[in-house]
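Notes follow the structure.
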Amino acid sequence: MSDALPTAIGTVVIGGGVVGACVAGFLADEGQDVLVVDEGRGAGSSANAGSLHVQMQSRFMRLYPENVPNMELQLPLYPKAVAFWRELASSLNAEFDLKMTGGLMVAESQDQLDFLGVKAKRERQLGLDVEILDRAQLDAIAPYFGPSIVGAELCANEGKLNPLLCNAAIRSWILARGVVLAEGVSVARIARSGTGFAVSTTRGTVTAGRVVLAAGSGTRLLAAGLDPPISIPAVAEPLHMNITEATAPLIGHLVQHADRMITLKQFGTGQIVIGGGWPARQDVPGGHAEVELASLIANASLAQHIVPSIGNLRIIRTWAGLNTSVDGMGVLGAVPAIPGLFVAIPGDAGYTLGPLSARLVADVMLGRKPGEDISPFGPERFE
Amino acid sequence: MSGFVINFEGEQVPARAGESVAAALTAHGIRGFRVTRSTAERGIFCGMGVCQDCLVEVDGVPGKRACMTVVDRPLSIRRQRNGAALPPVSDALPPATIDELAVERPELLVIGAGPGGLSAAIAARKAGAEVVVLDERRSPGGQYFKPVAVEGADVAPPDAQHREGLALVAQARAAGVVIRSGVSVWGAFRPLEFAATTDTGETRRYLPRAVVVATGAYERAWPVPGWELPGVMTTGAAQTLWRTARRLPGRRVLIAGNGPLNLQLAAELRSGGAEVVAVVEAAGPATRAPAAVAAMALASPGLVAQGLAYQWRCLTGGVPMLHDTVVSAVEQRPSGLAVTLAGGGATRVLEADVLCLGYGFEPSNELLRALGCRHEHDGTRLVTDRGSDGQTSVAGVYALGDCTGLGGARVAAADGTLAGLAAAAGLSHAVGPELARLGRQAASVAQRHRRFQQALWAVYRAPALAIAQVPDDTMICRCEEVRFGAARAALAEGLNDAGSVKRATRIGMGPCQGRYCRPLLEALIQEATGKAPDETSGFAPRPPFRPVTIRDLAGKP
C-alpha cells in the first residue's frame with residue numbers, strides 16, 4: 001500500500017489472493033517480515049462467489065475425467081479445509097457469514113441419480129459425510145426444487161461464506177501483523193541472487209531470502225522464467241457469475257447439479273448467487289475477463305429450471321472470475337530444484353482450499369511438520 | 001377521459017390511462033415506494049428508470065419500477081420490501097440457450113429515441129439505410145421532449161417542445177424508420193451484439209451491422225444529509241411527472257441546482273398550479289457575466305428568449321430566485337421537508353413538500369464502455385473519444401449527444417444528423433448532394449450550439465461539490481445504504497481503487513450499478529490519493545445495465 005517497496009525483505013509472496021494473503025499472515029504471525037506483491041485487480045479471490053465445495057464437482061469430473069484419480073487424492077483435504085475456514089473465522093474473531101448448510105447435488109434422471117450413488121460411495125470411503133436422497137427426502141429439507149428433480153446427493157460437509165467479508169478480514173489481519181502489501185504491482189522476473197532472490201517489479205527490485213508463488217494461473221509464467229525453469233501447468237478458467245437482488249430466505253443449501261453446470265446459493269443479504277462454471281471470455285491471457293451473453297442466458301435459465309420461483313427475481317449484476325486448474329489437485333510446498341522457492345496453488349476449489357493450503361505451505365516454511373501429508377501435491381511432480 | 005383504479009395496499013387510487021404508476025401514486029400524495037434493508041422508505045428519485053428506488057410489486061410481480069410501469073389496466077400495487085418472499089411458481093421452464101432468443105439483424109441500430117437518436121435515424125434512413133430505433137420508454141422522445149402520455153379535458157395540451165418532438169417522431173416514421181418502444185437494452189457485447197428485453201418480458205438479441213448510441217444522460221448526485229428521503233427527487237423526475245402525465249410532484253416545491261433546466265421546471269410547475277417555494281441556484285446571477293450572456297444571445301437568440309420567458313414567468317409568479325446558494329441538508333418534519341440552504345456564509349431553512357435537485361448530468365455511457373470505446377476523463381466526467389461524425393474508437397460504433405459527454409438537445413440533434421449520415425456512408429449508402437447539404441447545415445448548427453453551451457455554462461459557472469465537506473453520515477450509495485464515513489474508512493485502510501472499495505464496503509453493489517455513487521467515490525479517491533480519475537478508475541461495466549428478471553432471460557414472455 002505504501003509507494004516505496006522495501007529493497008530487501010525476508011519473504012516475498014507473489015499473489016495477494018486468499019492463499020498469498022494467508023501465507024503472509026501465517027508467516028507474519030511468527031514474526032517474519034513479508035512483502036505481498038499483487039497485480040491488484042480482478043484476482044480470482046476478489047471475484048469468488050463463496051461456495052465451500054467438498055463433494056467432487058461433477059463439472060470437473062466431466063471436463064477432465066483423466067484428473068479424477070488426483071481429485072480423489074486431494075478429496076480428504078476438502079472437509080478439513082472447510083473446518084479450517086471456521087477456525088480462521090474464530091481466530092480472527094471475524095464474521096464470514098459462514099454457514100454449514102450442507103450441499104445438494106441434484107439429479108433429473110435415474111441415470112444421474114445412479115452416477116451420484118457411485119460417486120457418493122467412493123466419497124464415503126474417502127471420509128466424506130454424504131447420502132443419497134429421493135425426492136420425498138429432498139422435499140423435507142429443501143422444498144424449493146422444480147418438478148423435474150428426482151433426488152440429490154447431500155454432502156453435510158459443504159457450506160458457503162461471503163468472500164467479501166473474508167477478504168476484508170484477512171486483509172485487516174495481515175496489515176495489523178505488519179505485512180507489507182504492494183497492490184497494483186506486477187512482477188516481471190524472479191532472478192536468483194546469492195542464496196536468495198531478486199524480484200523485479202513494476203516498482204523496483206526487491207531482494208528476498210524466500211519467494212512464494214501464489215499467483216494462481218500466473219504462477220506458470222513466473223515459474224517458467226526461473227533458472228532452471230520450473231514447470232507448473234496451471235491454467236486460468238475465466239468463469240461467469242450472476243447475482244440477484246435480495247429475497248426472503250429460500251435456498252439454504254449450496255446447490256449443484258449432477259450433469260449440468262450450476263451452483264446456486266443464497267447469501268445472508270438475501271441475494272442469490274448463480275454460477276457453476278459457465279465460461280467467460282478472456283481475449284488476452286492474464287487480461288481482464290468479460291462476461292458472455294450465452295453464459296448469462298444459459299446459466300440464469302438453468303437456475304430457474306431447477307428453482308422455478310427465482311424466475312421472478314432480477315439479476316442485478318454479472319461478473320467474470322478466474323479459477324485456476326492444474327491436474328485435479330493443488331501444488332503445495334518447496335521446489336527442490338531451487339532452495340527458498342515455494343508454490344501455493346490450492347486446487348480445483350481454490351477459495352475453499354485457500355487458507356488450509358496456505359497453512360500447510362507456511363508450516364513447511366516455518367520448519368514445522370504440516371498437519372497433513374502434502375507429499376502428493378509437491379511441485380516436483382511436473383519435472 | 002379514460003382511467004383506471006389502482007389498488008395501493010388497499011387504498012383506491014384513481015389513475016389516468018397512459019401515465020406511470022409513479023405519477024398516479026404521487027398525485028394521490030403517496031411518496032414512499034421501496035422499503036430498504038434498513039426499513040427506510042424511498043420514493044421516486046430519478047423518474048427515468050435508472051435509480052431503482054421506486055420499486056413496487058405490480059399484480060404480485062416484484063421488482064417493477066413505478067416510474068416506468070404504465071397504467072394500462074386496473075393494477076394492484078404494493079411497496080417493494082427488500083428481501084420480500086417470492087410468489088410461488090410451480091411450472092419449471094426448460095433451460096434456454098442463447099440460440100432460442102429472437103434475433104434481429106437491422107442494418108443500423110439506433111439506441112435511444114431522444115432528439116439525437118431520432119435525428120440520426122432520419123438521416124441514415126434518408127441515405128437508404130434500414131434503421132431500427134430502440135427506446136426504453138413507452139413513447140419515443142426521450143428525456144428532452146418527454147411526450148404527453150395522457151389525455152383528457154383536465155390535461156394541459158402539448159407545448160412547443162412537445163410538438164417539436166411529435167414532429168420529429170412523425171418525420172422518422174414517415175421516412176420509414178422502425179421505432180421499437182418499451183425495449184430496454186441492458187447488454188452490449190463485443191464486437192457488436194446487444195441484449196434487450198421488451199416491456200412484455202421478451203429478451204432479444206440485436207446483431208446490427210452498425211450502431212448509433214444515443215442513450216443520453218441522468219442527473220448527478222447531490223449528496224447531502226437526507227438526499228435519499230422520499231420527496232427528494234431530481235429536477236428531471238419532477239419534469240417527467242408534469243410533462244408526461246400532467247401531474248405535480250407536490251403542492252409546495254423547492255427547486256435547487258445549477259443550470260437552466262431548474263428554471264424551466266419552475267415555470268412549468270407554476271403553470272400547473274404548484275407553489276414554487278424558491279429556485280435555488282448555485283451560480284451567481286447572469287448579470288455578473290454580461291459577455292457570456294451576449295455570446296449566448298449571438299449563438300442562439302431563440303434559446304435565450306426562451307430562458308428569459310421562463311425567468312419572467314417565475315418572477316411574475318412571485319418565485320424567489322436565490323443565487324450563490326446550495327442545498328446543504330434535508331430533514332423530514334411532520335409538516336414537510338425542511339431544506340437547509342447555504343449561501344453567502346449563512347444558512348436558512350425553507351419548508352416544502354418536494355425538493356427537486358438538478359445539479360447537472362452524468363453520461364449514460366455504459367453500452368459504449370462495454371463495447372470497448374475509448375473514453376477520457378475531463379476532470380468532471382467521462383467523455384467519449386469520437387470524431388465530429390460520431391465515429392468512436394470502435395469500428396461501426398457511432399455515438400452522440402449527452403451519453404458522450406454533455407451538450408444538450410440541440411447539439412445532440414445536429415450531431416445525430418451527422419452521425420446518421422456517417423453511419424449510412426459507412427454501410428456503403430451514397431450520401432447525395434442534398435443530404436450532404438443537410439450535413440453541412442447540421443455541422444454549422446452543432447458548432448453554433450456548442451458555442452451557446454460554452455457561454456451558458458460560463459454564465460452558470462458554480463463551485464464544484466466540496467467532497468471533503470460532505471458529512472460522514474451522508475448516504476453515498478443509496479442502493480446499499482452505505483455512508484461517506486464507510487468510504488472514508490476504507491480509503492484510510494489503504495484501499496485506493498473503486499473496485500476494492502466497492503468490495504470492502506458494498507458501495508456500488510446495488511441495482512443502480514453505481515450510477516450515483518461512482519462519481520462521488522472517484523472524487524473521494526482523488527482526494528485521498530491525488531490520482532485523477534480516468535477511463536478505468538470507476539467500476540467496470542457489468543451487464544445487465546438494467547436489472548433483468550430471470551424469467552425474461554429464458555426468452556418467452
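In this structure, the separation between CG on A/Asn312 and CD1 on B/Ile550 is 9.0 Å, given to the nearest 0.5 Å. Taking CG from A/Leu293 and CZ from B/Phe194, the interatomic distance works out to 12.0 Å, rounded to the nearest 0.5 Å. Between atom CG of residue B/Asp497 and atom CD of residue A/Glu183 there is a gap of 7.5 Å, rounded to the nearest 0.5 Å. Annotation: the span from A/Ile316 atom CD1 to B/Phe545 atom CZ amounts to 14.0 Å, rounded to 0.5 Å. Rounded to the nearest 0.5 Å, atoms CG (B/Leu101) and CD1 (A/Ile297) are 4.5 Å apart. Between the CD atom in A/Glu290 and the CZ atom in B/Arg542 there is a gap of 8.0 Å [rounded to 0.5 Å].
Within 6.0 Å of atom CZ in A/Arg62, more than 12 heavy atoms from other residues, nucleotides or ligands are found, so the atom counts as buried in its surroundings. Counted within 6.0 Å of CG on A/Asp283, heavy atoms from surrounding residues, nucleotides or ligands total more than 12; the atom is thus considered enclosed.
Taking both residues in full, the closest heavy atoms of A/His305 and B/Leu93 are given as ND1-O, 2.9 Å, listed atom of the first, atom of the second, then distance. Between B/Ala96 and A/Ser301, the shortest heavy-atom contact is N-OG, 2.7 Å. Residues B/Glu493 and A/Ser172 come closest through the heavy atom pair OE1-OG, 3.7 Å. Nearest heavy atom pair, residue A/Glu292 against residue B/Phe189, reads C-CE2, 4.1 Å.
Your options are A/Val291, A/Asn242, A/Ile306, and the one with the most heavy-atom pairs under 4.5 Å with chain B is A/Val291. When each of B/Pro87, B/Gly499, B/Pro88, B/Cys479 is checked for heavy-atom pairs under 4.5 Å with chain A, B/Pro87 comes out on top. The choice from B/Pro544, B/Ala504, B/Ala540 that makes the most heavy-atom pairs within less than 4.5 Å of chain A is B/Pro544. Heavy-atom pairs under 4.5 Å with chain B were tallied for A/Ala168, A/Ala294, A/Pro249; the largest tally goes to A/Ala294. The choice from A/Ile243, A/Thr269, A/Leu250 that makes the most heavy-atom pairs within less than 4.5 Å of chain B is A/Thr269. Between chain A and the options B/Gly187, B/Ala370, B/Gly63, B/Ala195, heavy-atom pairs under 4.5 Å are most frequent for B/Gly63.
Using a 4.5 Å cut-off between heavy atoms, A/Leu165 does not touch chain B at all. Proximity to chain A (any heavy atom under 4.5 Å) is shown, for B/Ala85, by both the backbone and the side chain. B/Lys502 touches chain A through its side chain: at least one heavy atom from C-beta onward sits under 4.5 Å away, while N, CA, C and O do not. Neither the backbone nor the side chain of A/Ser295 comes within contact range of chain B; no heavy atoms are under 4.5 Å apart. Residue B/Pro541 does not touch chain A at all, counting heavy-atom pairs closer than 4.5 Å. Of the two parts of A/Ser148, neither the backbone nor the side chain holds a non-hydrogen atom closer than 4.5 Å to a non-hydrogen atom of chain B. Contact of B/Arg81 with chain A is not made at all, since no heavy-atom distance falls under 4.5 Å.
With 3.5 Å as the limit, one finds no donor-acceptor pair spanning the side chains of B/Arg503 and A/Asn167.
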Would A/Ile310 and B/Arg551 count as a side chain to side chain contact (heavy atoms under 4.5 Å, CB included) if you check the C-alpha gap in whole Å, the side-chain angles of each, and the deciding distance to 0.1 Å?
CA-CA 8 Å; A/Ile310 68 168; B/Arg551 195 174 45 195; over 6 Å; no
Check the pair B/Val548 / A/Arg314 against side chain to side chain contact (heavy atoms under 4.5 Å, CB included), numbers first and verdict last.
CA-CA 5 Å; B/Val548 54; A/Arg314 300 186 309 163; over 6 Å; no
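Not one N or O on the side chain of A/Arg317 forms a donor-acceptor pair closer than 3.5 Å with the backbone of B/Pro543. Without hydrogens or angle criteria, A/Arg281 side chain to B/Arg190 main chain gives a donor-acceptor distance under 3.5 Å. Proximity of a side-chain donor or acceptor of B/Thr549 to a complementary backbone N or O of A/Leu313 within less than 3.5 Å is not detected. Judged purely by atom type and a 3.5 angstrom limit, B/Thr97 has no side-chain atom pairing as donor or acceptor with the backbone of A/Ala298.
You'll find the side chain of B/Pro95 reaches within 4.5 Å of the side chain of A/Arg260, heavy atoms only.
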